[in-house]
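Notes to accompany the following structure.
Chain naming here is simple, since letters A, B, ... match the order of the sequence lines and numbering starts at 1 in each.
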Amino acid sequence: GAGVSQSPSNKVTEKGKDVELRCDPISGHTALYWYRQRLGQGLEFLIYFQGNSAPDKSGLPSDRFSAERTGESVSTLTIQRTQQEDSAVYLCASSFVQGSTDTQYFGPGTRLTVL
Amino acid sequence: GDSVTQMEGPVTLSEEAFLTINCTYTATGYPSLFWYVQYPGEGLQLLLKATKADDKGSNKGFEATYRKETTSFHLEKGSVQVSDSAVYFCALSDKRGADGLTFGKGTHLIIQP
C-alpha cells in the first residue's frame, strides 16, 4: 500500500507570495498532522486533524498559516504572504487513530524556499 | 511545556562500535517515547517506542528503555553498521495533550567502515 505522499517535493517562491502544500495520508488513517522542520532544528508540531472534528490550530506560528482537510482524505497547508523565515521542510504524518501510542507515518516532506 | 533534549551531533563511530545516543525529556503528564530515524534521502521512520515506565523498545538491534526516574530514553546498539548512518530523533507524545509529537533536534550518526 502507498505511504503518505506530499506535493510538491520542492517549492521556491518569492517573498510575499502565497503557497499551498498538499498531503495525501495513508488510506483509512483518521488522524493527520503537519510539522515544520527548519534547518538544523527538530520538528515543530503545527496542527492536527482527527476525523471531522475541528482542528487544534494553537500550534500554527502565525495567522498567515491555515490548513484544511476534507473528511479523512487530503489536507492542504496554506501559507499566505510568505516570509523568508517560513523556509523549511514541511512534513505531514498520518495515523490510524489519534492517540499518544499510535504510530505516526511520515511523508517525504515539501522543501519550501522563500527568496 | 514538554521538551526533548538529545546529544548534539555529528557522532562518528567505526563499524562494530557500541552506540549510545542520549535523550532526556520534560513532560507534565506520562508521555509515550519514540525514536525516529531518517536515512539519507528518505522520510522519517519509526524505529522503536515505549509507552510506560520500564518498557523497552527494540528494533533492528537498537534498544531504548523508558526510565521515568531519570526522565531518559537513551538509544543503544551493540554493534553498529555503515547502514545505520542516519539522523536519529527522540520524541515524546503527552497523553494529555494535542497528540502532536515533541521532537529533539536530531543526532546525525556517521558510521565509518
Side-chain angles (χ1 to χ4, degrees), chain A residues 2-7 9-10 23-26 29-51 53-61 67 77 88-111, chain B residues 1-10 21 23-53 55 57 59 66 73 86-108:
Chain A
V4 177
S5 61
Q6 294 185 244
S7 61
S9 56
N10 281 285
C23 172
D24 280 276
I26 294 172
H29 279 194
T30 58
L32 185 148
Y33 309 80
W34 283 98
Y35 295 85
R36 177 171 70 175
Q37 184 178 22
R38 288 171 160 163
L39 187 64
Q41 302 294 313
L43 279 75
E44 174 188 1
F45 168 63
L46 298 179
I47 191 170
Y48 76 91
F49 297 87
Q50 169 60 23
S53 301
D56 175 6
K57 301 181 180 180
S58 60
L60 293 175
L77 177 69
V89 177
Y90 290 83
L91 290 164
C92 174
S94 70
S95 66
F96 182 60
V97 293
Q98 178 195 43
S100 57
T101 61
D102 295 304
T103 299
Q104 293 184 23
Y105 295 87
F106 283 80
T110 294
R111 182 176 298 276
Chain B
D2 297 346
S3 66
V4 174
T5 302
Q6 58 182 109
M7 56 195 299
E8 300 276 335
I21 300 178
C23 171
T24 57
Y25 67 88
T26 302
T28 52
Y30 297 92
S32 294
L33 302 174
F34 305 82
W35 278 100
Y36 277 81
V37 58
Q38 188 170 31
Y39 297 103
E42 298 184 17
L44 273 173
Q45 303 173 26
L46 178 68
L47 181 60
L48 53 84
K49 68 180 182 183
T51 60
K52 60 182 187 296
D55 267 3
N59 186 25
Y66 190 141
F73 193 55
V87 181
Y88 292 80
F89 293 90
C90 186
L92 70 82
S93 179
D94 189 337
K95 293 175 183 175
R96 295 185 312 111
D99 289 318
L101 293 165
T102 300
F103 282 86
K105 292 185 177 182
T107 302
H108 186 192

* Asked: Hey, what do you get for CG (B:Leu46) to CZ (A:Phe106), rounding to the nearest 0.5 Å?
  -> 9.5 Å

* To do: Under the ring pair (Phe, Tyr, Trp, His ring centres under 6.0 Å) rule, collect the residues that match up with B:Phe89, sequence neighbours excluded.
  => none

* Could you tell me whether a side-chain N or O of A:Tyr35 sits under 3.5 Å from a main-chain N or O of B:Leu101, the two making a donor and an acceptor? => yes

* Which heavy-atom pair separates A:Leu43 from B:Phe103 by the least distance, and what is that distance? -> CB-CD1, 3.5 Å

* Asked: Does OH belonging to A:Tyr90 count more than 12 external heavy atoms closer than 6.0 Å?
  -> yes

* Asked: Given a strict heavy-atom distance threshold of 4.5 Å, which part of A:Leu91 is in contact with chain B: side chain, backbone, both, or neither?
  -> side chain

* Which bit of B:Leu44 comes within less than 4.5 Å of chain A, counting heavy atoms only: side chain, backbone, both or neither? -> both

* Asked: Got a sec, which pairs hit salt bridge (charged side-chain N to carboxylate O under 4.0 Å, His left out) with one end in residues 32-43 of chain A, sequence neighbours left out?
  -> A:Arg36-A:Glu44

